[in-house]
Amino acid sequence: MNIGYYPGCALHGSSDDYEESLRACLRALDVQLQEIDEWICCGATAAHALNQKLSTALPARNLALAERGGFGEMLAPCPMCSMQLIKAQKALAGNEGLRREMSGIVELEVRGTTRVLNLIQVFEQVGLDRLKAALKSPLKSLSAACYYGCLLTRPPDVVEFDDCEQPRSMEAFLTALGAKTVDWSYRTECCGGGMTLASEETVLDLSHKILSNAAAHGANCLVVACPMCHVNLDMKQPDIERRYGVRHGLVIYYLSDVVGMALGLPESALGINRHFVGKA
Amino acid sequence: MNEAGQFEPKIVAYVCNWCTYLGADLAGTTRLEYPPNVRIIRLPCTGRIDFNLIVKAFEIGADAVLVSGCHPGDCHYTAGNYHARRRWILFRELLEALGFEMERIHFTWISAAEGRKWQQVVTEITEQTRKLGPYKNLYADTGNGSLPIPEAAPAVDQPAGSEGSLRQRCHQLLADGTVKVVIGYGTGGPVCVTKPADVGRLVWNNQCSSNLTTYLKRQEVRKLGRAAIVVKVCDERALVVLEKESQLDRKDLHVMGMACNGMGQPKCATCDVRVPRFADEVIGEVASVPLAGPPNAAPRGGAALEVLLAKSPAERMACWAREFERCVKCYACRQVCPLCYCERCIVEKNRPTVIDPSPTVKGNFAWHITRAFHLAGRCIGCDECTRACPAGIDLRLLNLSLAKAAEEHFGYRAGINRDVEPLIGAYSLQDKENFIR
Amino acid sequence: MSFTITQDGLSKLVNEWLARGKRVAGPSRVKRDCILYVPLQGPDQLLLEDFIRPANSLKEFLFPKHERLFGYRINGNGVELFELEPPKTEQLLIAARPCDAAALPILDQVFNWDCADEFYNRRRQLTTVVTLACSAHDDACFCTSVGLSPCAERGSDVMLVKLDRGKYEVRCHTEKGRSLMEGRLEPSDQVASEPLGPEKRFDPAEVREFVKHNFASAFWQSEGLTCLGCGACAYTCPTCHCFDIIDEGNANEGARVRNWDSCQFSMFTQHASGHNPRENQPARQRQRISHKFDIYPEKFGEILCTGCGNCTRNCPVGIGALSVLTEIGHGEHL
Amino acid sequence: MSRIGVFICWCGENIARTVDVDALAQEVSKFPGVRCAMNYKYVCSDPGQALVREKIAAEKLDAVVIASCSPHMHLKTFRRAAQLAGLNPYKVEMANIREHCSWVHHDRAKATAKAASLIRLSVEKARLDHELQPIRVPVTRRALVIGGGVAGIQAALDIADAGYEVVMVEREPSIGGKMAGLSETFPTLDCSQCILTPRMVEVGQHPRIKLYSYSEVERVEGYIGNFTITIRQKARYVDISKCTGCGDCWSVCPLKRNKSEFDYGMGVRASIYVPFPQAVPARPVIDAKTCAKIIRNGCGLCEKKCKAGAINFQDTDKLVEEKVGAVVVATGYKLYDIGEKQDKASLAGYGEYGYGQYKDVIDSLQFERLLSASGPTNGVLKRPSDGAEPKNVVFISCVGSRDNAKGLPYCSKICCMYTAKHAMLYKHKVHDGQAHVFYMDIRAGGKGYEEFVRRAIEQDGAKYYRGRVSKITQEDGKLVVRGADTLAGVPITVEADLVVLAAAMRPADGVAELAQKLNVGYDEFGFLLESHPKLRPVETNAAGVFVCGACQAPKDIPESVAQASAAASKVAVTFAADELMREPEIAGINEQTCVACYACLRACPYHAIEQAEVRTPRGVFVKHTARVNPGLCMGCGTCVAVCPSKSADLEGFTEQQIYAMVESLV
């Protein structure tokens, strides 16, 4: 399988461990990622807060680049990126006038034909059967709380992925790979996201609640598919301990980490050794 | 014309009893003045208004026709207007292809509460028609009329050995009593073979373009008993339609599907079905010769229909007037059609005379409009009507215009799917009505 | 020694007639694969060579497919009838096939035997027929079997016989023909050779004998089985002359009209009671053959067929009279 | 020639001012078929009608055209007048020269010309009018009531008390419906079972009511006055004619832990069971899915124990036929599935409420069972997870209702009221408890309703928050309900012990299939369609089929009962005469020329056309044909338009008439 790859700023910055992990994992599954040439920022929260046109134009440029590269499908591992890209893609596909306008602005013809995937969808394309066949070391010791965060399933009519409030797709993979999953309440709660810099208190409060609920339901780790969630839940655990006096000690895995582990890849190849919270 | 010599349009309005008629009553009760050119024919429901009435109105000299009923959802009879709407969608396409002046045919929904809308509609139609002037171009050959001639596909040989296998199988079927008669192709024309010894009369070559399914409606052939029929895939579609319309029981029929490489006819140029799908048995294998047309090509008229539709309405009307002028009403078109199976054709009904039986231009237009529209959503494009016409009238273009409309508006192709209900007699709330005011 | 005319001469003739407001009709290619006798707009529409014969016949110029006989007006509670003007335009039927022209004397009998049909006779008087002898024939042609030939004179005022391309020997058979051609002919040494007709295929006397004695034969059942019951054979036949009379009009006025009809239609003999004496297609097929070779000869002393082959060529299912007749001739019915 | 009389009305000045009635009468008298034409000041007045009658007799008129106002105004008047004079009423036509002419045109010459033309149209039509007789349909004076909830019970009792037999079909083992499971009812708080059970018993004992419980309608044939209903009696494995209802069987049954349907899973029952003690019939049924004898030929204790010998493990479904003349549909409702699984693609669930995931998130009908004195907890409020008494209960209204995102834009109408009732009853049971209600709007229209809600708030201290709940999470054994109070403008978090969701009302399962059998329409949500929302609220477009209760739209008990009585009275009206009279202006098929393509059958909105056979008097098959059922045809003429051979025609608007009219416009 050969698909386009849009890393977005996070995977080339603070979350390069995520990139390392998913590249290693997907390589093992024979999925070739081809990074989109000259990709630019997806616009994230900032663009649509400022300017509607800009929030379409930025992803439109990226979509145009993907189309130029001939990619029918493109992985955007960061949920914010994928949501912005999908939103723009749908708007473009359904509006001839907008296509013309945007093609002018981004100086490249854009048609909105590239399908944007999140990481879970890429694994779904690989398929449970193939994963099971490649399974080397079942994840017996894991009792995982799958954490989707706020954006992976939202807005539901844009991303059209899984049940918006009670998603189950990650659980399906983990169960197949031999892990236990816990039924808990905070799958789609907000971790504080981009408030890390603006209001650390908010982030600590929200992340603390998430970690507490996961632990209360018997989880010994969390599995995420978002770089921002990982930062807040992993890196902020010492701060949470300082503030709330609770030491959660929960390992935060990327979905690709656990899949990679099950495929028998060493933790170092997956960048797990660079996480802040290690195995208890 | 009025006394001052000014043209006064004649407008015939077919309206339903429960909405538009009452809407017009309300216009009266509220004293909303409008021009006196409209003549209302009150009918129970738009569902009752069939296309022949629209044709008849023009025949008696109407300069414009208005058809009006209840808004969707308001029908007194729950769904008459939906049925009507679907028919109008198709009928308008036929009138377009014939070159009618579409600005003289109006469809509206006017409720019992819309007296003002009635006033506005009638006023506007009257004024618009006054500007258009009398409908002089109806059925007129104004010159420059010549129908585009479709291109035939190149002739291809049929699979070798098919003829032999066909005869062998038919011999078996007749000998073991599975069937009493084989309806097949012979040299020079169709044959009905009833004795195993006669199977040598059956042929399979690239002269087998005719559609034998038309024999299923013939009493003389039916009386012979259970039949095996030789069909090409394109003919098979007629069986699907006939079955849907309760005209045959597939159990009573043994269908010999012939793998066909094309018969070099125009219809073969756009053929996208080559191997039988629900015949009882298939004879021969289709050669890997590519089709002349694109795979999955819709039954569009190809270039000829495009050329026709690109002409001006007056030119289209002239084309058809010139064609129909030659029609002698021998009804070969009707008799060869596998789907024209009425025992008493509407043209033979004389109380009332819906269609003038005379082969005049008026009577011929009425006939060909009716024939084509009765095949709306049913014609399977075998082109037998065109092939049979001794006057060389290209009826296929009318059929194609309707097939195209059925596909464009309803995604419907006749005789393709055994599970889909016939197009006419069904409706969808989503049927589009952008032409209805 | 003979007299000739060139194609240019014929064109001139056509132009002159048209210029005088008269009608000229002849074979013309109305579209690809369709050649018909039609009223001509000019000589360039006239087709003289390289085809067997038109798909229709000459009869429609004398016995039109649709004709108004008289008019009526509804007046209060009464009805008022009025006469229609008879035809008065002279017409020239040019390059007609001998098998078409030979049908005209037959039609003359039909429209005059009990009462004289005013409209028909008037048209006949106004008509001049110029035939063109056939230089080719096909498998459907059988004029020689019914006593005619490619250059049979019957019904022609003038006959043209091809000499070279664009040049014709002219044989005037009637006074009408002679006056038409006066001053248009050139003497020539060339004499056209008699064109060859198709081989004889059957003997009409045998056919007559057969139909007389085999009314209930199973032969008709099998022959008529594939007939679909359209009127293509009758309507393109030069001699078929059945018609239907109806009133056609609106609430105020109308006319009694005469339209072609065909014995092949299921409604042709349908009684008001619902009973139909010829209740199936084989019976109707038998009627057509019997009428042409037995019933009509019985009454008028000649067969009702000129061997043009139109019924065969125009039949959508390839039946036509010829195949039936040859089968009778070959004794295949026995 | 016809002998038609034309009567031109002046309508005082209304017509005569604009139309020259004298000139008009002159002109009209010359139309073909017109015997006499005259004008009169008010033709609809008594002397006017007398004139018409007199002329019919004197001139031996065979048809009459009244040129006056709209036929919607006076056609019936003039038909009556003609009938009095011995002329068939269907030989009367009207020309609308008032609404369609004199009132909308001012030019006298043009209006007069148009009036003449309109009269000509009507004369042409009248010439071809047939003498018609009203269609008489015999009536089986017996009614079918489908559904034995409160609406069905009310309808059945009213019809039976009016003196007609009733057949009642109930899908469940007992009648009683949803109401039998309620604890108390708003706004009076009287005990639901106390008011309903006597009515159930009455049904069970009524000499004119035949009850088929645990049965469903399999097939419906016929039409108004003459339905044949095939009823499927599902295998009950208990012969209720032998059974005494003693209860030995269910006490001996070892499998007592099956979830009780009647308790919506809040309680348990044995494999042989009576759904609730007051059931009618008070006879058990065996649950074939769990019974050990039926599944694996084990156990069989009940059979051994039964003294009456009523247990029959070989029982099978039985089909029985009943003839009835009218049908009342009272199939009621079910609650919307709150969870993620939906039975329709257009619907979506509320994953965020954790229904089905957290045991203590329940729906309102489950809560009713927890409150009910005869419920699984005997009226002691215990939460499902651990049986503890909930001290904080959150009620969320509009769960599904009025939520476009979930596919149910309509208001379920009763939730505001029962939620207030729930809050109140809860407080009455748990005095130190606190009820919290999240609502969108409070819709308390109805007698005593608003006061009832105020009482819940003011006397019983329920806390009402105007706002939606965004998420329910479970933490430390508590349900953390996060929502908003939009009036105060603050987010709220309530730590609850129990959450009750007021799920939307939806039509009961299988209503669409039933509606198709009955040829009754239904809307996109599955609620049955009444004929007219205001003027024919209990009739349907299928003549002789009536609706009542929540199958038609969400409604509460008083409304359901009122509608049921209305439906019953409509049935009584239908049964008032021995024969039904129907308008004869209906379609017919010329069976001689029909080729049985059944285009008409497919297009008929009333399913009034059936496949039939033509046979000789000796019974030899001749051909297939379409045939109109005069009991069902409403006369729209859609069949005529789709008939290719025009073998279909419509009396009153025949093909000949329509073409004659059009041709007169030449």
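Here is the naming used below: chain letters follow the sequence lines, and residue numbers restart at 1 for every chain. All values below were derived from every heavy atom in this structure, side-chain atoms included, with hydrogens, water molecules and symmetry-related copies excluded.
- No more than 12 heavy atoms of other residues, nucleotides or ligands shown are found within 6.0 angstrom of CZ on B/R351.
- Of the listed residues (B/E325, B/R322, B/K329, B/K217), the one with the most heavy-atom contacts under 4.5 Å to chain C is B/K329.
- Contacts between residues 219-227 of chain B and chain C, counted as heavy-atom pairs separated by less than 4.5 Å, involve B/E220, B/V221, B/L224.
- Residue-level contacts of residues 224-233 of chain C with chain B, in order of numbering, are C/L225, C/T226, C/C227, C/L228, C/G229, C/C230, C/G231, C/A232; threshold 4.5 Å between heavy atoms.
- Contacts of B/C327 with chain C are made by backbone atoms alone, with heavy-atom separations under 4.5 Å and no side-chain atom involved.
- Of all the heavy atoms in C/A55 and B/P390, the pair that sits closest is CB-O, 3.7 Å.
- Residues B/R326 and C/L36 form a side-chain contact, since some pair of their non-hydrogen atoms from C-beta on lies under 4.5 Å apart.
- Atom CG of C/D247 is surrounded by more than 12 heavy atoms from other residues, nucleotides or ligands within 6.0 Å.
- Of the listed residues B/G188, B/P357, B/A332, B/P359, the one with more heavy-atom pairs under 4.5 angstrom with chain C than any other is B/P359.
- Interface remark: B/Y331 contributes backbone and side-chain atoms alike to the contact with chain C (heavy atom separation under 4.5 Å).
- Neither the backbone nor the side chain of C/N250 comes within less than 4.5 Å of any heavy atom in chain B.
- Only the side chain of C/E248 comes within less than 4.5 Å of a heavy atom of chain B; its backbone N, CA, C and O stay farther away.
- The number of heavy-atom neighbours closer than 6.0 Å to NZ of C/K31, taken from other residues, nucleotides and ligands shown, is above 12.
- Contact record, C/Y235 with B/V328: CE2-O, 3.1 Å, taken as the closest heavy-atom pair.
- Among B/A388, B/P190, B/S146, the residue with the largest count of heavy-atom pairs under 4.5 Å with chain C is B/P190.
- Ranking B/D356, B/T194, B/T360, B/V336 against chain C, the residue ahead of the rest is B/D356, based on heavy-atom pairs under 4.5 Å.
- Atom CZ of C/F82 has more than 12 neighbouring heavy atoms from other residues, nucleotides or ligands inside a 6.0 Å radius.
- For a residue to count as touching a neighbouring chain, one of its non-hydrogen atoms must lie under 4.5 Å from one of that chain's; by this rule B/D394 touches chain C with backbone and side chain alike.
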Checklist line | Trace of the side-chain hydrogen bond (donor to acceptor under 3.5 Å, both in side chains) decision for C/H66 with B/S358 | finding: CA-CA 6 Å; C/H66 168 78; B/S358 295; 3.3 Å; yes

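- For a residue to count as touching a neighbouring chain, one of its non-hydrogen atoms must lie under 4.5 Å from one of that chain's; by this rule C/V317 touches chain B with backbone and side chain alike.
- With chain C as the partner, the residue from B/C389, B/G189, B/G392 showing the most heavy-atom pairs under 4.5 Å is B/G392.
- Other residues, nucleotides and ligands contribute over 12 non-hydrogen atoms within 6.0 Å of the CD atom of C/Q45.
- When heavy atoms are compared at a cutoff of 4.5 Å, B/I149 approaches chain C solely by way of its side chain, counted from C-beta outward.
- Separation of atoms CD (C/Q264) and SG (B/C330) is listed at 12.0 Å; rounding is to 0.5 Å.
- Between B/R344 and C/S266 there is no side-chain heavy-atom pair separated by less than 4.5 Å.
- Note that OG1 of B/T353 is 7.0 Å distant from CD1 of C/I246, once rounded to the nearest 0.5 Å.
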